[in-house]
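A quick write-up on the structure given underneath.
Chain A is the first sequence line, chain B the second, and so forth, proteins listed ahead of strands; every chain is numbered from 1. Excluded from the calculations below are hydrogen atoms, water molecules and symmetry mates; all remaining heavy atoms, backbone and side chain alike, are included.
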There are 2 protein chains.
Amino acid sequence: MASVDMEKRAHADHHASLRLWLRLLSATTRIEDTIRQRLREQFDITLPRFDLMAQLEREPQGLSMSELSRRMMVTGGNVTSIVDQLEKEQLVQRQMQASDRRSYTVSLTDAGRSAFAAMALAHEGWVVELLSPLAASQQEQLHKLLGTLKSGTPTNSKETK
Amino acid sequence: MASVDMEKRAHADHHASLRLWLRLLSATTRIEDTIRQRLREQFDITLPRFDLMAQLEREPQGLSMSELSRRMMVTGGNVTSIVDQLEKEQLVQRQMQASDRRSYTVSLTDAGRSAFAAMALAHEGWVVELLSPLAASQQEQLHKLLGTLKSGTPTNSKETK
DNA sequence: TATTGTTATACTCTATAACTATA
DNA sequence: TATAGTTATAGAGTATAACAATA
């Protein structure tokens with residue numbers, strides 16, 4: 001009967017989704033761990049610190065602590081401690097804002113900008129290397145499929161930026 | 001000239017790889033964070049503990065600490081502490097091995113097995129839900145593409161399991 | 001009162017290394 | 001000597017909540 005077939009199909013699809021998820025997770029984790037390890041070994045930096053610098057590199061005029069917190073999706077206290085560390089190494093700077101004296105603008109220093117350029121170059125090379133089993137056209141396909149995944153559920157697909 | 005075109009192409013591909021990686025990372029992280037949060041809220045369990053139980057569920061006869069360590073890709077000390085916690089909650093048990101008295105066999109208790117069954121069911125439902133923006137055929141496509149990525153270089157595409 | 005950012009605290013996961021017991 | 005597992009310690013990242021300064 002059709003309903004039995006549909007049930008079988010549903011179970012098969014569920015298992016397929018689970019297998020897909022495990023593969024997605026393990027592929028991503030493997031690449032992420034490799035990048036994390038190389039950033040540590042070659043530049044003595046962690047991924048969150050690298051990410052924070054990447055955010056600042058995109059915004060030369062700098063960002064407030066709360067904006068960094070929002071973009072990195074971590075709470076404010078954590079941003080404080082990451083910025084503290086990077087400031088100690090003179091890679092970023094806090095600048096007072098005249099308009100609102102509660103708030104700082106955080107930006108890369110010149111040293112930070114050049115350090116980040118070197119790291120970003122290496123980072124891009126690693127990504128190219130680690131994704132190289134896929135041909136350019138396959139990468140494009142993957143990019144499209146992940147784009148569909150990105151936006152949320154079909155029934156409630158509100159984009160929060 | 002052709003060499004200039006090739007350089008342009010290489011740069012474009014590099015950027016495409018980087019964009020793909022960022023999308024892959026963010027999609028995976030978003031799903032993982034959602035699962036982590038729901039496991040915490042609904043079952044008061046962390047992902048590593050869930051993963052350890054999943055390993056044991058697949059091996060009813062149980063696993064040694066060192067085998068668990070190998071499969072979860074974390075060092076022995078961590079496995080000890082995770083097993084300690086799960087044992088305290090009576091979800092897993094350590095059993096002496098007659099053959100080698102240095103070694104334990106860790107397995108799910110009956111309570112652990114039934115608790116895991118409930119969690120795994122919910123977990124599978126979440127995965128199905130979170131991947132639902134992709135149709136079954138798209139999920140299959142994604143699975144294949146990630147398979148290529150998984151095994152390493154294109155010249156050596158062995159499937160490990 | 002609300003907001004920006006800091007500080008203090010606690011928890012989990014992780015690795016390293018020293019240690020015990022057994023092989 | 002080598003191996004299985006534990007213990008102790010340290011460090012990173014995370015969240016929560018109390019706090020100070022400013023709006």
Side-chain angles (χ1 to χ4, degrees), chain A residues 25 29-30 32-41 43-53 55 62-89 92-107, chain B residues 25 29-30 32-41 43-56 62-89 92-107:
Chain A
L25 182 59
T29 303
R30 192 175 54 74
E32 191 181 359
D33 287 351
T34 302
I35 289 174
R36 209 183 278 274
Q37 185 185 342
R38 292 185 185 176
L39 280 175
R40 164 69 71 193
E41 285 171 1
F43 297 105
D44 193 29
I45 198 167
T46 63
L47 202 45
R49 278 173 230 178
F50 178 79
D51 287 343
L52 192 145
M53 292 181 76
Q55 294 292 340
L63 292 169
S64 67
M65 296 297 283
S66 54
E67 182 60 21
L68 276 170
S69 168
R70 199 187 63 68
R71 294 195 187 194
M72 298 186 66
M73 300 197 295
V74 296
T75 54
N78 302 310
V79 175
T80 296
S81 89
I82 294 174
V83 169
D84 282 350
Q85 293 164 346
L86 290 173
E87 198 177 31
K88 201 179 300 170
E89 298 174 41
V92 308
Q93 58 199 337
R94 283 177 168 96
Q95 287 161 299
M96 271 301 209
Q97 290 227 307
S99 55
D100 183 341
R101 288 189 313 178
R102 291 171 306 182
S103 182
Y104 292 97
T105 289
V106 183
S107 59
Chain B
L25 181 60
T29 304
R30 192 175 54 73
E32 191 181 359
D33 287 351
T34 303
I35 289 174
R36 209 183 279 274
Q37 185 185 342
R38 291 185 185 176
L39 280 175
R40 164 68 73 192
E41 285 171 1
F43 298 104
D44 194 29
I45 198 168
T46 63
L47 202 44
R49 278 174 232 179
F50 178 78
D51 287 343
L52 192 145
M53 290 180 76
Q55 294 293 341
L56 294 182
L63 292 169
S64 67
M65 296 298 282
S66 54
E67 182 60 22
L68 276 170
S69 168
R70 200 187 62 70
R71 294 195 187 196
M72 298 184 66
M73 300 198 294
V74 298
T75 54
N78 302 310
V79 174
T80 295
S81 89
I82 294 173
V83 169
D84 283 349
Q85 292 163 347
L86 291 172
E87 197 177 34
K88 201 180 301 171
E89 297 173 43
V92 308
Q93 58 199 337
R94 284 177 168 96
Q95 286 160 300
M96 271 303 209
Q97 289 227 307
S99 54
D100 184 340
R101 288 188 314 177
R102 292 171 306 181
S103 182
Y104 292 98
T105 289
V106 183
S107 59

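Applying the side-chain hydrogen bond (donor to acceptor under 3.5 Å, both in side chains) test to A/D51 and every residue at least two apart in sequence or in another chain returns nothing.
When rounded to the nearest whole Å, the span between CD of A/Q37 and C1' of C/dA15 equals 12 Å. What separates CZ of A/R102 from P of D/dA20 is a distance of 16 Å, to the nearest Å. Following rounding to the nearest Å, A/L63 (CG) and C/dT4 (P) show an atom-to-atom distance of 14 Å. Nucleotide D/dT14 holds its C1' atom 13 Å from the CD atom of A/Q85, rounded to whole Å. Distance CG (A/D33) to P (C/dT14): 10 Å, rounded to an integer number of Å. Atom pair A/I82:CD1 and D/dG11:P shows a separation of 17 Å (rounding to whole Å applied). What separates CZ of A/R36 from P of D/dG11 is a distance of 18 Å, to the nearest Å. In this structure, CG of A/L39 is placed 15 Å from C1' of D/dA12, rounded to the nearest angstrom.
No hydrogens or angles considered: a donor-acceptor pair under 3.5 Å links the side chains of B/Q37 and B/E41.
Between B/E67 and A/M72, the one whose closest nucleotide on DNA chain D sits nearer the 5' end is B/E67.
A pairwise comparison of heavy atoms in B/T75 and B/N78 identifies OG1-ND2, 2.8 Å as the closest pair. What you find for A/V74 and A/S69 is that their closest heavy atoms are O-OG, 2.6 Å. When all heavy atoms of A/Q55 and A/L63 are compared, the closest pair comes out as O-CD1, 4.0 Å.
A side chain to side chain donor-acceptor pair (under 3.5 Å) with A/T105 is found for exactly one of A/Q97, A/Q95, A/R94, namely A/Q97.
For the pair A/P48/A/I82, a side-chain contact is recorded, criterion being any heavy-atom separation below 4.5 Å from C-beta on.
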Identify all pairs in which a protein N or O lies below 3.5 Å from an N or O of nucleotides 6-9 of chain D, and state each distance.
{"unit_1": "D/dT6", "atom_1": "OP1", "unit_2": "B/R94", "atom_2": "NE", "d": "3.0"}
{"unit_1": "D/dT6", "atom_1": "OP1", "unit_2": "B/R94", "atom_2": "NH2", "d": "3.0"}
{"unit_1": "D/dT6", "atom_1": "OP2", "unit_2": "B/T80", "atom_2": "OG1", "d": "2.6"}

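Not a single donor-acceptor contact under 3.5 angstrom links the side-chain atoms of A/R101 to the base of D/dT22.
Contact annotation for A/S64: backbone-only contact, meaning every heavy-atom pair under 4.0 Å involves sugar-phosphate atoms and none involves a base.
A salt bridge links A/D44 and A/R40; the closest N-O separation between the charged side-chain nitrogens and carboxylate oxygens is under 4.0 Å.
In this structure, the separation between CZ on A/R49 and CZ on A/F43 is 15.0 Å, given to the nearest 0.5 Å.
Within residues 43-52 of chain B, no residue is approached by DNA chain D to less than 4.0 Å at the level of any non-hydrogen atom.
Contact check, A/T75 against D/dT14: no side-chain N or O comes under 4.0 Å of OP1 or OP2.
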